[in-house]
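A short write-up of the structure that comes next.
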Amino acid sequence: METTRIFIAIKINNTDQIRTIFRQVQVDLKDEWIKWVDFKGLHITLGFIGATDVRKIELIKNRLRICAAKFPPFRIQLSSLGAFPSINRARVLWIGVNTDDLMYQLREEILKHLQNIVEFPDTRFSPHLTIGRIKYGVKNPDKVKCILESHESWRDDELLISEFVLMESKLTQQGPVYEVMDHFDLSGSTPH
């Protein structure tokens, strides 16, 4: 059986403000062992599916089209910096996402439409943009915490979200490479 690693995401267009904060954090934390994500691939993961039988891809796309047709475009705002599992034990650095209920409802609808086709390994959802990963811990945890806290009031302009995508993730030695497999326009007038 041939498989491919897939996930559903909202791609984020890079604004000047995102570019500025991203570069600033890279400079501020240049002495840390951080694997920075490809700036051009910033996204909010709505659902990670993982290895999937390629024969299911068209069915998945059809179900995602149905979901997209039910939801109108909506707005989000990127704000603040943080870390998972916490800023005291940073392993993943992220930019936060402020959104209304529509993003959560869209995600729930996607999970519901795909539940008999694929399994989602993790059903927790905390909208964010991953900007860096720390594999072996940080050299100076207090500095990392201080840098993240210093950007706690950062805000980007509101962004209009008018689509989501099905992405393929190819693992390479340099890190994951993401490729859009299909786009799904949000074309509904009201959810559900």
Side-chain angles (χ1 to χ4, degrees), residues 1-14 18 22 34-71 73-76 78 81-85 91-135 159-188 191:
M1 169 179 70
E2 183 184 354
T3 64
T4 187
R5 292 178 84 238
I6 60 173
F7 63 96
I8 301 152
I10 295 171
K11 286 193 51 75
I12 299 298
N13 294 326
N14 301 316
I18 297 171
F22 193 87
I34 299 172
K35 173 98 170 123
W36 299 102
V37 301
D38 179 0
F39 183 71
K40 296 180 291 279
L42 292 178
H43 63 272
I44 301 165
T45 301
L46 292 173
F48 180 79
I49 299 170
T52 303
D53 185 337
V54 295
R55 297 172 296 185
K56 293 182 177 181
I57 298 297
E58 285 309 311
L59 179 57
I60 291 168
K61 288 179 182 182
N62 289 337
R63 295 283 178 93
L64 292 176
R65 274 186 204 84
I66 293 167
C67 289
K70 294 180 177 185
F71 285 83
F74 57 91
R75 296 189 175 279
I76 65 168
L78 304 180
L81 298 179
F84 292 132
R91 290 289 182 260
V92 174
L93 303 181
W94 50 256
I95 295 175
V97 177
N98 289 332
T99 183
D100 61 19
D101 286 342
L102 275 180
M103 182 185 290
Y104 292 92
Q105 291 171 15
L106 172 62
R107 182 178 186 280
E108 286 305 311
E109 192 74 11
I110 289 169
L111 269 60
K112 187 170 81 177
H113 273 75
L114 297 180
Q115 70 183 355
N116 296 324
I117 303 168
V118 295
E119 286 187 36
F120 288 87
D122 188 355
T123 56
R124 294 172 297 169
F125 185 53
S126 180
H128 66 281
L129 298 178
T130 297
I131 59 171
R133 291 182 176 83
I134 303 164
K135 192 170 186 176
L159 303 173
L160 178 65
I161 304 303
S162 58
E163 70 170 17
F164 62 91
V165 295
L166 179 64
M167 302 278 285
E168 181 177 24
S169 174
K170 298 177 183 174
L171 299 178
T172 70
Q173 298 244 337
Q174 293 74 36
V177 175
Y178 304 129
E179 186 175 311
V180 174
M181 298 176 79
D182 209 339
H183 298 259
F184 305 94
D185 293 331
L186 299 173
S187 56

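Quick caveat: nothing in here was measured; it's all calculated off a predicted structure.
No side-chain heavy atom of Ile44 sits less than 4.5 Å from a side-chain heavy atom of Phe164. Between Leu81 and Trp94, every side-chain heavy-atom pair lies at or beyond the 4.5 Å cut-off. Using a 4.5 Å heavy-atom threshold, the side chains of Phe184 and Ile8 count as separate. Counting heavy atoms from C-beta on, the side chains of His183 and Lys11 never come closer than 4.5 Å. Using a 4.5 Å heavy-atom cutoff, the side chains of Ile161 and Leu102 are not in contact. A 4.5 Å side-chain heavy-atom check between Phe120 and Leu114 finds at least one atom pair inside the cut-off. Contact of the Ile12 side chain with the Ile76 side chain is registered, since non-hydrogen atoms from C-beta on lie closer than 4.5 Å. Residues Lys61 and Arg65 are in side-chain contact: their nearest non-hydrogen atoms beyond the backbone lie under 4.5 Å apart.
Taking CE of Met1 as the start and NZ of Lys56 as the end, the distance is 7.5 Å to the nearest 0.5 Å. Atom-to-atom distance recorded for Asp53:CG and Ile57:CD1 is 8.0 Å, nearest 0.5 angstrom. Note that CG of Leu129 is 9.0 Å distant from OG1 of Thr45, once rounded to the nearest 0.5 Å. Interatomic distance, CD1 of Ile18 versus CD1 of Ile131, reported as 10.5 Å (0.5 Å rounding). Going from atom CZ of Phe74 over to atom OG of Ser162 covers 9.5 Å, rounded to the nearest 0.5 Å. A distance of 5.5 Å separates CE of Met103 from CZ of Phe125, quoted to the nearest 0.5 Å.
The two residues Leu160 and Pro73 have their closest heavy-atom pair at CD1-CB, 3.9 Å. Summarising the geometry of Ser169 relative to Pro176, their closest heavy-atom pair is OG-CB, 3.9 Å, with the distance given to 0.1 Å. The minimum heavy-atom distance between Cys67 and Glu109, with the atom names listed, is SG-O, 3.6 Å. Summarising the geometry of Arg63 relative to His113, their closest heavy-atom pair is NH1-O, 2.8 Å, with the distance given to 0.1 Å.
Applying the ring pair (Phe, Tyr, Trp, His ring centres under 6.0 Å) test to every pair with at least one member in residues 36-56, sequence neighbours left out, gives these pairs: Phe7-His43, Phe22-Phe39, His43-Tyr178.
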Would Val118 and Ile6 satisfy side chain to side chain contact (heavy atoms under 4.5 Å, CB included), going step by step from the backbone distance to the final call? CA-CA 11 Å; Val118 295; Ile6 60 173; 5.5 Å; no

Any chance you could lay out the side chain to side chain contact (heavy atoms under 4.5 Å, CB included) test for Asn13 and Leu159, step after step, and finish with the verdict? CA-CA 9 Å; Asn13 294 326; Leu159 303 173; over 6 Å; no

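Not one N or O on the side chain of Arg133 forms a donor-acceptor pair closer than 3.5 Å with the backbone of Lys35. Put simply, the side chain of Asp38 gets close to the backbone of Lys40: a donor and an acceptor are under 3.5 Å apart.
Heavy atoms of other residues, nucleotides or ligands lying less than 6.0 angstrom from CG of Asp100 number more than 12. Residue-environment remark: CD (Gln115) exceeds the threshold of 12 foreign heavy atoms within 6.0 Å.
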